[in-house]
Amino acid sequence: MRHGKKVNHLSRQAGHRKSMLANMACSLIEHKRINTTVAKAKALKQFVEPLVTKSKEDTTHNRRIVFTYLRNKYAVTELFREVAAKVGDRPGGYTRIIKLGNRLGDNADMAMIELVDFNELYNGGKKEVKKATTRRGKAKKAETTEAPAATPEAPAADATENTEATE
């Protein structure tokens, strides 16, 4: 019976599995997306998401904990600087797995795992713009922006009338 055995061993011994996941996590942090098999992507997701959560609070203790998992100081630096800044307001779900089909050589299921906030195609810029004002506030702003815009157009219209009159 396999009660409570949730870890996918990926047909590797513990040391090899930990090293492989650490290397894949460093590559994911550096490149923001990597291609791998579906099983490895799911294992990597479980490995990397707690580390991203730790990076949201930049303390020496959290940096040391993350460094014990990643064993790469450049990846730790980038995680705590760039990645943590982008995912600071997100409550979880920092990675996305997109299935790509089967690999030609051995027909393995392939997937792309990526950091969610770094993909501009899926975000579409929606994350950057937040609407906190009401319609009433926008209407007032629109009226104030229309009035100055109308004044420069009036002399331009007069200038075109003058040129037509001189011709």
Side-chain angles (χ1 to χ4, degrees), residues 1-103 108-142 144-145:
M1 291 187 290
R2 58 161 302 279
H3 297 305
K5 296 182 181 179
K6 295 181 181 178
V7 176
N8 186 355
H9 295 290
L10 300 172
S11 299
R12 286 163 172 81
Q13 293 180 349
H16 185 189
R17 184 172 56 251
K18 288 178 184 176
S19 295
M20 182 190 66
L21 289 173
N23 290 336
M24 289 174 65
C26 291
S27 296
L28 179 66
I29 291 167
E30 180 184 351
H31 300 292
K32 310 304 185 253
R33 72 176 60 152
I34 57 173
N35 290 339
T36 183
T37 62
V38 173
K40 287 181 189 175
K42 288 179 180 179
L44 180 62
K45 183 173 185 144
Q46 288 181 340
F47 182 83
V48 109
E49 298 240 351
L51 301 181
V52 177
T53 302
K54 287 272 187 206
S55 73
K56 290 164 84 172
E57 185 181 352
D58 191 5
T59 63
T60 306
H61 181 63
N62 283 347
R63 280 181 177 263
R64 287 178 177 166
I65 289 173
V66 170
F67 182 76
T68 59
Y69 286 96
L70 294 181
R71 294 178 246 141
N72 184 343
K73 65 181 180 180
Y74 301 110
V76 172
T77 302
E78 187 162 345
L79 177 66
F80 276 84
R81 285 190 186 156
E82 295 178 18
V83 177
K86 281 247 189 175
V87 300
D89 57 340
R90 182 178 287 275
Y94 311 110
T95 57
R96 173 186 298 130
I97 296 175
I98 301 170
K99 295 186 180 179
L100 299 176
N102 295 341
R103 187 162 50 196
D109 289 334
M110 297 299 290
M112 177 176 64
I113 182 167
E114 64 182 3
L115 295 172
V116 170
D117 291 320
F118 288 91
N119 189 337
E120 301 301 325
L121 295 177
Y122 282 117
N123 291 347
K126 295 176 188 174
K127 202 67 172 154
E128 302 298 327
V129 179
K130 290 188 177 181
K131 297 180 180 179
T133 59
T134 61
R135 287 185 178 181
R136 189 175 308 144
K138 288 181 183 177
K140 289 181 183 177
K141 289 180 184 175
T144 57
T145 56

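The first residue of the sequence shown is numbered 1, and numbering continues consecutively from there. Values reported hereafter were calculated over all heavy atoms of this structure, with side chains retained and with hydrogens, waters and symmetry mates removed.
If you take CG on N72 and CD1 on I29, they are separated by 8.5 Å, rounding to the nearest 0.5 Å. Note: T59 OG1 to F80 CZ = 6.5 Å, rounded to the nearest 0.5 Å. L44 CG to S27 OG: the interatomic distance, rounded to the nearest 0.5 Å, is 9.0 Å. Taking CG from N23 and CG from L28, the interatomic distance works out to 12.5 Å, rounded to the nearest 0.5 Å. Within the model, atoms CG of N102 and CG of D109 stand 5.0 Å from one another, a figure rounded to the nearest 0.5 Å. Here the NE2-CD distance, from H9 to Q13, works out to 11.5 Å after rounding to the nearest 0.5 Å.
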Show your working on side chain to side chain contact (heavy atoms under 4.5 Å, CB included) between L100 and V38 and close with a plain yes or no.
-> CA-CA 9 Å; L100 299 176; V38 173; over 6 Å; no
Check against side chain to side chain contact (heavy atoms under 4.5 Å, CB included), V48 and Y69 = CA-CA 9 Å; V48 109; Y69 286 96; over 6 Å; no
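Of all the heavy atoms in A43 and L10, the pair that sits closest is CB-CD1, 3.9 Å. Across every non-hydrogen atom of V116 and G93, the tightest pair is CG2-O, 3.6 Å.
Note on residues 29-40: pairs passing salt bridge (Lys or Arg N to Asp or Glu O under 4.0 Å), not counting sequence neighbours, are K32-E78, K32-E82, R33-E114. Within the structure, every pair that satisfies the salt bridge (Lys or Arg N to Asp or Glu O under 4.0 Å) test and touches residues 42-58, not counting sequence neighbours, is listed here: D58-R63. Pairs of residues two or more places apart, or lying in two chains, never qualify as salt bridge (Lys or Arg N to Asp or Glu O under 4.0 Å) while including a residue from residues 10-21.
For T68 (side chain) and I65 (main-chain N/O), a donor-acceptor pair under 3.5 Å exists by modelled atom type.
Side-chain contact between R103 and T37 is present, with at least one heavy-atom pair separated by less than 4.5 Å. Between S55 and R81 the shortest side-chain heavy-atom distance does not fall below 4.5 Å. A heavy-atom distance below 4.5 Å is not found between the side chains of M112 and I34.
When the shell of 6.0 Å around CZ of F47 is examined, it contains more than 12 heavy atoms from other residues, nucleotides or ligands.
When the options R90, K86, R96 are evaluated for a salt bridge (charged side-chain N to carboxylate O under 4.0 Å, His left out) with D117, the one that passes is R90.
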